[in-house]
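Would you mind keeping the following structure in view while I ask a few things?
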Amino acid sequence: MKDRKLLMIPGPIEFTPEVMRAMAMPTTSHVAADFIQVFGQALDRMQQVFLCPEGQPFVVAGSGTLAMDMAAANLTEPGDQVLVVNTGYFGDRFAAILERYGATVTQVRSRAVGDAPSLEEVEAALQRQGYKLMTITHVDTSTAVRADVQRLAALGHQCGVLVVVDGVCATGGEELRQTDWQVDLALTASQKAIGVPPGLALLVAGPRAMDAFRRRKNPVGSYYSDWTLWLPIMEAYQARQAGYFGTPPVNLIWALNTSLSQILGEGMETRVARHRRLSKAFKASMAALGMDQLPVRPEVAADTMTAAYYPDNVTASVLGHINQAGVILAGGLYPTIKERYFRVGHMGAVTPSDILTTVGAIEYGLARAGHRFEPGAGLDAAQSILLG
Ligand SMILES: *Cc1c(COP(=O)(O)O)cnc(C)c1O
């Protein structure tokens, strides 16, 4: 029996063999001619994947939280007013990071866990006072709630605020048109829908964000996050020259370039449509097995992941049975209800057979946990959408 299990959590995800081969290549110098080409190409491809050809890409060693930290450190100054559109745990985290750099944070929260604040509520908040910046979590990984980035960014823009999108569980799986939607800064991490092992903070800053950064009155309050130090490096590599501030994670950047090439090879629209279809199939199977989801309406549900409540009388121990059947899922994350639900990532290189394998393993786990249902009902529901 093979001992490799299928990793279906909301990051890290399953990576393609090509990406893993790039990771395993002998490490080059960060100033080697071939690495300079690869880093430059990866930065160019970031602009294409984010659909922001005029944006300034940053690729820095760190996790998604570093990307959030960079957004807060470089775009806010002590005393700035910031609005956080909160759809879960990662909105709370963004608020905490912004406050650490001295911003005054106001949050617009969902009325219930699994909901998103309405456009009217956000608009009213934006009109109540002048904010410098607003943050939106594209997909909050704790709730699987997807925010309407396009409409929220348009509102923010009307009110003259900088719009920052935490796309850590979204970019590369959910639709994002950074320039068209007037998103001033979009950020993500390598290990989610971008499809590269953990370790890279990825950001694309539009012209308004770079202007705001250049007009700062105070130095950036973090040394490692300071774009003043990273910008010349990114500009150098994009011009196919070497630069040095901190040693780049060479193998991760080779892998990033490979993954971005695969993403662009599939095509952004095709990729988004694939995520939508696989998500629909998976969500239909959860419903067929009698499980409710955290997102209160389909319109606020992500396509990159699913968060579903356990059926009555089933506990988190079902995840152990599902693991025995060969699939690794994640438990809950939202503090007040974390014992009541589980999370499944279906993003990146995910295939219809991964969806069917996962649904099959969930059925196995539920049966072992004593849940009564019609075996095959989940598979049937998923299959009818995959075949439709
Ligand atoms: C995973 C995640 C983060 C944090 O990323 P790390 O790489 O774990 O630091 C931030 N925001 C969202 C929406 C995420 O899903």
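Throughout, residue positions are numbered sequentially from 1 according to the sequence presented. Each ligand, and each atom within it, is numbered from 1 in the order the structure gives.
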Discussion item. Parallel, tilted or perpendicular: which one describes the rings of Phe39 and Phe35, with boundaries at 30° and 60°?
Written reply: tilted
Worksheet item: Does the side chain of Thr137 pick up a donor-acceptor pair with the side chain of Asp166 at under 3.5 Å?
Response: no
Practice prompt. Working to the nearest 0.5 Å, report the span between OG of Ser259 and CG of Leu252.
Written response: 11.5 Å
Worksheet item: Out of curiosity, Leu294 CG to Asp115 CG, how far, rounded to the nearest 0.5 Å?
Response: 11.0 Å
Response to the item:
Nearest non-hydrogen protein atom to atom 10 (C) of ligand 1, with distance, is Phe90 CD2, 3.2 Å
Discussion item. For the CG atom of Asp184 and the CZ atom of Arg208, what is their distance to the nearest 0.5 Å?
Written reply: 4.0 Å
Discussion item. For His346 and Phe282, take the angle between the two ring planes, folded into 0 to 90°, and tell me which bin it lands in: parallel under 30, tilted 30 to 60, perpendicular over 60.
Written reply: tilted
Fill in: Contact check, Asp140 vs ligand 1, heavy-atom distance below 4.0 Å
no
Practice prompt. Could you list the atoms of ligand 1 found under 4.0 angstrom from a heavy atom of Thr137?
Written response: 13 (C)
Response to the item:
Within the 4.0 Å heavy-atom cut-off, what His138 brings close to ligand 1 is neither
Worksheet item: Near Met68, which atoms of ligand 1 are under 4.0 Å from a heavy atom of that residue?
Response: 10 (C)
Worksheet item: In terms of ring plane angle, is the pair Phe213 and Trp227 parallel, tilted or perpendicular, where the classes change at 30° and 60°?
Response: perpendicular
Discussion item. Show me which atoms of ligand 1 lie under 4.0 Å from any heavy atom of Thr65.
Written reply: 4 (C), 5 (O), 6 (P), 9 (O)
Discussion item. With heavy-atom distances below 4.0 Å as the criterion, list the atoms of ligand 1 near Ser63.
Written reply: 6 (P), 7 (O), 9 (O)
Discussion item. Over 60° means perpendicular and under 30° means parallel, so tell me whether Tyr310 and Phe342 are parallel, tilted or perpendicular.
Written reply: parallel
Worksheet item: Between Asp166 and ligand 1, which part of the residue brings a heavy atom under 4.0 Å of the ligand: side chain, backbone, both or neither?
Response: side chain
Discussion item. Return the closest protein heavy atom for atom 8 (O) of ligand 1 as residue, atom name and distance.
Written reply: Gln191 NE2, 4.0 Å
Practice prompt. Ignoring hydrogens and angles, state whether a donor on the side chain of Glu54 or Thr179 is under 3.5 Å from an acceptor on the partner side chain.
Written response: yes
Practice prompt. Check Val139 against ligand 1 and report side chain, backbone, both or neither, counting heavy atoms closer than 4.0 Å.
Written response: backbone
Worksheet item: At what distance is the nearest protein heavy atom to atom 5 (O) of ligand 1, and which residue and atom is it?
Response: Gly64 CA, 3.5 Å
Response to the item:
If we number the atoms of ligand 1 from 1 as shown, the ones under 4.0 Å from a heavy atom of Cys169 are 15 (O)
Worksheet item: Which residue owns the protein heavy atom closest to atom 2 (C) of ligand 1, what's the atom, and how far is it?
Response: Lys192 NZ, 2.6 Å
Worksheet, complete the sentence: If you scan protein heavy atoms around atom 15 (O) of ligand 1, the nearest is Thr141 OG1, 2.2 Å
